[in-house]
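A quick write-up on the structure given underneath.
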Amino acid sequence: MTETAGTDYDWQSFLTRWSEEWADSCRPDDIHDADDATAHRARWLGFAPAAPGRIAALEARLGHRLPPSYRTFLEVTDGWRHAGGSVWLLAGTEGARWYEDDAGLADIFTENLTGDATREQILEATVWTRALELAVESDAASVLLDPEDVDEHGEWAVYTWAPWRASPPERFASFREFMQDAYREFHNLRADRPDFVNATTREWDRRVEEARRDALRGAYERAAATLAEAQEFGRPRAGTLRKQITWLLGDRYRRDPGGPAGEAEDAPGPFGDAVRRARELARWGDTDAAWRTLLAALPAWQPLEPDHLAPVGLVTDPLLGPLLTPERCRTLLATPRGEEATGAVAAAVDEDPGGLAWLAEADGGPREYRFLLVEGVEPAALPALVGAEEGTTLEAPMTRWDARRALNPGGVSSSYDDKAVVAVGRAGDGWSFAFDGDPQPFDETRFVSPAVTASRHGRAVVVWAAPDRFDRGALFHLSVAEHGTLRYAFTVFGERCERSGEIPEALLPERLFPEVRDGGRYAERHGEADALAAVAATFGVTLPRLAVDHGRLHSFTTRSWTRPPGPGEGYAVITVGPRRPDAG
């Protein structure tokens, strides 16, 4: 219920409504003294209007003309009882007086001001030195009118503060806004009473229901704004409904999303079928197809409870949660569904870039990675080709970080062998991938490309990239095998390049790496993105960025990517904790 501003504000109607709602909802323990009893009988929380002479005398005593909304308030009532929950008597013309800072609050609040403090911060910290105190009786609360914080309409800001709040003063743009907030607080404090029913509660309950339908229509921003205001009035459904919207928009400091927690598993009908298909796609890394599957079925989604607004349980689903980026959550909320479904489906958004070049464009600086691409086999068959031991199988889907902890709990790194903990999935039509985002250092003297053993049924490709180590230059390695035979390979270290076999023209290192072509005059890793793009185009492969970086994928431990040490070759064993995937 938005009220008008300025001198035209209808204080009489507003205060009469408040008074009558207070009187109708009073219980015996709400009447604390004779004044409350009088107010209850009169159904009026105020007093007689302040005569013009009394208002003029107050302004003369203060040396200021009163702000418009406080002045017109006094013309209706010379003070007010129960302005919220902690102010029992609000000043009229006799009670208003300059604040006396006996507790030294000005010193306390200003001692933390810095030289770059904003005007707003300075006003808040120094209000104690100049404000008009309006709280005559309260629970140690202050209501301060600030004559130096004035807007274009002549309204003085109001600051409220109480020591038990353990927070800075709360600011309102005017006395009118403060009183409206106090009215909302009055409603909030009585909202849990079953008999607290009046025109205001009925109107807000109507608006809450309309907001629910707005949310289902896709007008989630309008719904959220209405529900936020209804929540301030304490309307019981508003919080549950709004929490689902804010949860999907990223406000997840509470564990409870406000909707059925298990809905990703329990969703009925066509949407439930889509959820199950999407989970199957997501566990093999096809996150874009999983997202499109969910989005196409979203109009068929049905609530599991009367106040269920959206499939919020998807966010907590281990496989589907990573799909729901902020942009996708907004698209989900903007799609009509349930009883308000129109059949319209929003366009898919925030899809993976495709290909491989995104690996060279990651945030946080150069990354180190290696991956194996295998043609003609499903991801589940990769352990049989390159698993560390006979009988190696895939682990249940988990994050890269959890997979490394589970499969290498001691964090043991050895130069004797180089077994990789890899995440697996589909890499495009007819291809599977095994990805390691935290490899050991590349040992060119002992490296054995797993592409050879992995190429039993067709082609296999290995890519390994790393930033400069020990001034050798940035690494980029490519090896390609087919039916058990290494066809070609190259390894670039800065301007140096080792190669073997007949490399296709599109993959020639001198075409892709300016460092090799021009003797190292370019920045390191200059050709990494071009090389990755060329590999993707040559073989028609892709890696799913969202799944690799943030999803939950099946994993296993590969056989060593290096040969055993030869005669006279030493090796080291280092025990360290695995790096988190987001550690750079």
Side-chain angles (χ1 to χ4, degrees), residues 2 203-232 235-252 254 256-264 266-279 281-282 287-317 320-352 546:
T2 303
E203 171 62 12
W204 274 112
D205 289 344
R206 184 195 67 78
R207 292 190 181 195
V208 166
E209 175 57 22
E210 185 63 23
R212 183 189 71 84
R213 300 193 63 178
D214 271 344
L216 292 174
R217 294 177 187 124
Y220 68 92
E221 292 175 310
R222 183 169 66 223
T226 299
L227 293 169
E229 194 170 357
Q231 201 171 357
E232 291 185 339
R235 301 321 302 151
R237 299 171 61 204
T240 297
L241 292 168
R242 179 170 173 254
K243 193 189 307 182
Q244 295 171 66
I245 298 174
T246 57
W247 173 274
L248 284 169
L249 293 176
D251 184 4
R252 297 171 191 158
R254 293 190 182 96
D256 177 17
E263 71 175 288
D266 302 335
F271 187 75
D273 294 339
V275 167
R276 288 180 279 278
R277 292 195 302 273
R279 296 183 92 253
L281 290 165
T287 51
D288 282 353
W291 162 239
R292 288 192 293 269
T293 298
L294 292 173
L295 189 60
L298 190 57
W301 172 85
Q302 293 296 321
L304 299 181
E305 299 173 354
D307 283 343
H308 191 189
L309 286 183
V312 291
L314 293 176
V315 175
T316 59
D317 183 86
L320 300 179
L323 307 182
L324 296 181
T325 63
E327 183 61 28
R328 286 176 174 178
C329 284
R330 288 190 288 272
T331 300
L332 185 155
L333 285 168
T335 301
R337 57 200 177 275
E339 67 193 69
E340 300 294 336
T342 61
V345 178
V349 296
D350 199 22
E351 295 197 333
D352 279 336
L546 190 62

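- Shortest non-hydrogen contact noted between Y220 and I245 is O-CD1, 4.1 Å.
- The two residues Q231 and A238 make their nearest non-hydrogen contact at N-CB, 3.7 Å.
- Looking only at side-chain heavy atoms (C-beta outward), L332 and W301 stay at 4.5 Å or farther from each other.
- A salt bridge is absent between E209 and R206; no separation between the charged side-chain nitrogens and carboxylate oxygens falls under 4.0 Å.
- In this structure, the side chain of R337 engages the main chain of L333 through a donor-acceptor pair within 3.5 Å.
- The heavy-atom pair separating A290 from L323 by the smallest distance is CB-CD1, 3.6 Å.
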Check against side chain to side chain contact (heavy atoms under 4.5 Å, CB included), W291 and T287: CA-CA 6 Å; W291 162 239; T287 51; over 6 Å; no
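- Salt bridge status for R217 with E210: present, with a side-chain N to carboxylate O gap under 4.0 Å.
- Shown here for T293 and A278, the closest heavy-atom pair between the two residues is CG2-N, 4.3 Å.
- Q244 contributes a side-chain N or O that, together with a main-chain N or O of L309, makes up a donor-acceptor pair within less than 3.5 Å.
- For D288, the side-chain hydrogen bond (donor to acceptor under 3.5 Å, both in side chains) partners at least two apart in sequence or on another chain are R328.
- For P322, there are no side-chain contact (heavy atoms from CB on, under 4.5 Å) partners at least two apart in sequence or on another chain.
- Here the shortest heavy-atom pairing between P299 and A341 reads O-CB, 3.2 Å.
- Using a 3.5 Å distance cut-off with no hydrogens or angles, the side chains of D307 and T240 do not pair a donor with an acceptor.
- Here the rule is side chain to side chain contact (heavy atoms under 4.5 Å, CB included) with W204, and of E232, E229, R237 only E229 fits it.
- Although no hydrogens or angles enter the test, the distance criterion places a donor-acceptor pair under 3.5 Å between the side chain of D352 and the main chain of L546.
- Contact detail for L320 and A282: the closest heavy-atom pair is CD2-CB, 4.2 Å.
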